[in-house]
Amino acid sequence: MFELLCVYQSMRLTCQKQDVMRGISAVLGGLMLVAFSAGASAPPIDYENVGMVGVQRVMGQWVRYIVLRGDSACVTVQIFKAANMEGLVREKTICSLGEMHFHRDFAFVDVWRVDFESDRLSLEIEFIRLRGSGHEVRPCSIEIGKGSIGDLECSLEYGSVYY
Amino acid sequence: MFTRVWKRVLLTTPWVVLCAASSLSSSPANATERHIDYSKVTKADGEVIKERYFRYLVIADDPCLTVQSFRLGHPGKPHREKFVCALGEARFDRDFALVDFKFVDFHDGHLHVEVEFIPARRGRKVVRWCSIALQPDSIGDLVCNR
C-alpha cells in the first residue's frame, strides 16, 4: 500500500514537473515572440534625449524633425494632423544616405542645421569618412509630400557613387 | 485650568511648526518636479557653454519655456532646470492670451528669444527681444527690452 502511494506520489510529482516545464517553455516562447516582434518594428523615440527639434506647416500638414543628442544621430521626420503634435500620420527615421549607414559606413555624422522649405527639409550635415582625411559639410534635403516623407539626398561623392 | 491649556499649547506647537515648515519647504520641490511631456516638444536646441550643455524646449500646450543645463558626460538628468513662465509679475498662463517663442538662439552666454505677446484683455500684440543669462550653476530670468 505504502509502495503504491509512493509510486502515485512520484508520478504526480513527475506530472507536476512536466507541467512546470511546459509552463516555462510557453513563457520563454512568448517572451521570444515579443522580443522578435519588437525588433521588427522601429524602436520608440527617446524624446527625453532630443537635441534639435523644429515644427512647421508644410503643404497643409504639420511636420516635425527630431535629431537626438549623441554620436551620429539619425533624423526622424514626422507628419501630424494637429499643431499640438497629435494625430501622427507618417513617421520616418533616417539613418542612412543611400546604402551608406550613418553608424556603419561613416566615422561620424553630425546634423548641423535643419530648415523648412515649401516642399522639403533642407539640412547641412557633416560627414567624416571611415578612411581618408578631413570632414565634409554637405547640403542635403528630405522631400515632404502629402502624407509622405522622402529619403535623404546629399551632394556627396563616396567612392565612385554620388549620393 | 491654565496649566492644562499651556501644556496643550506646548505639545501642539512643535507639530504645527513642523507641518508649516515641511509645507513651505515642499513648495519649491514641487515647482521643480513639474511634468514635461517631451513627446510634444516643438522646438529644441542645445549648446555647450562654460562646461555645461544647455538645452531649451518649447512644448505644445505648455505656455512656458523650459531651459535645462547638464553636466558634460551626464546627459540623463538635468543639473539645473528652469521653467520660464512669467515676465516679471505677468504670468504667461494668466495675463496673456498667447506667448509665442518665435525665435530662440544661443549667443554670448545667453539664450536670446524673440517673443510675441498677445495680452489677455486689452492691447495689441507686441514682439520683443528678450534674453536669459546662462551660467554654469544658474539659469537667469527672462529679461525683455522695452
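Below, chain A is the first sequence line, B the second, and so on; all start at residue 1.
Here the shortest heavy-atom pairing between A83(A) and A60(B) reads O-CB, 4.4 Å.
By the criterion of side-chain heavy atoms lying less than 4.5 angstrom apart, applied directly or through intervening Ile, Leu, Val, Met, Phe, Trp or Tyr residues, F103(B) is not grouped with V127(B); the two fall into different hydrophobic clusters. Both F102(A) and V114(A) belong to a common hydrophobic cluster when Ile, Leu, Val, Met, Phe, Trp and Tyr are linked at side-chain heavy-atom distances under 4.5 angstrom. Both F96(B) and V104(B) sit in one connected hydrophobic cluster of ILVMFWY residues. Membership requires side-chain heavy atoms under 4.5 Å apart, directly or through other members. Linking Ile, Leu, Val, Met, Phe, Trp and Tyr whenever their side-chain heavy atoms come within less than 4.5 Å leaves L65(B) and F70(B) in two separate clusters. Hydrophobic clustering (ILVMFWY, side-chain heavy atoms < 4.5 Å, transitive): F106(A) and I128(A) are in distinct clusters.
Only the side chain of L57(B) comes within contact range of chain A, with at least one heavy atom under 4.5 Å from a heavy atom of that chain.
Not a single ring pair (Phe, Tyr, Trp, His ring centres under 6.0 Å) links F54(B) to another residue, sequence neighbours left out.
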So which N and O atoms of chain A and chain B form donor-acceptor pairs under 3.5 Å?
| residue | atom | partner | partner atom | Å |
| --- | --- | --- | --- | --- |
| E48(A) | O | R55(B) | NH1 | 3.0 |
| E48(A) | O | R55(B) | NH2 | 3.2 |
| V50(A) | O | R55(B) | NH1 | 2.7 |
| V53(A) | N | A44(B) | O | 2.9 |
| V53(A) | O | A44(B) | N | 3.1 |
| V55(A) | N | T42(B) | O | 3.3 |
| R64(A) | NH1 | S39(B) | O | 2.9 |
| R64(A) | NH1 | V41(B) | O | 2.7 |
| R64(A) | NH2 | S39(B) | O | 3.0 |
| R69(A) | NH2 | P75(B) | O | 3.1 |
| N84(A) | ND2 | D61(B) | OD2 | 3.4 |
| E86(A) | OE2 | K40(B) | NZ | 2.7 |

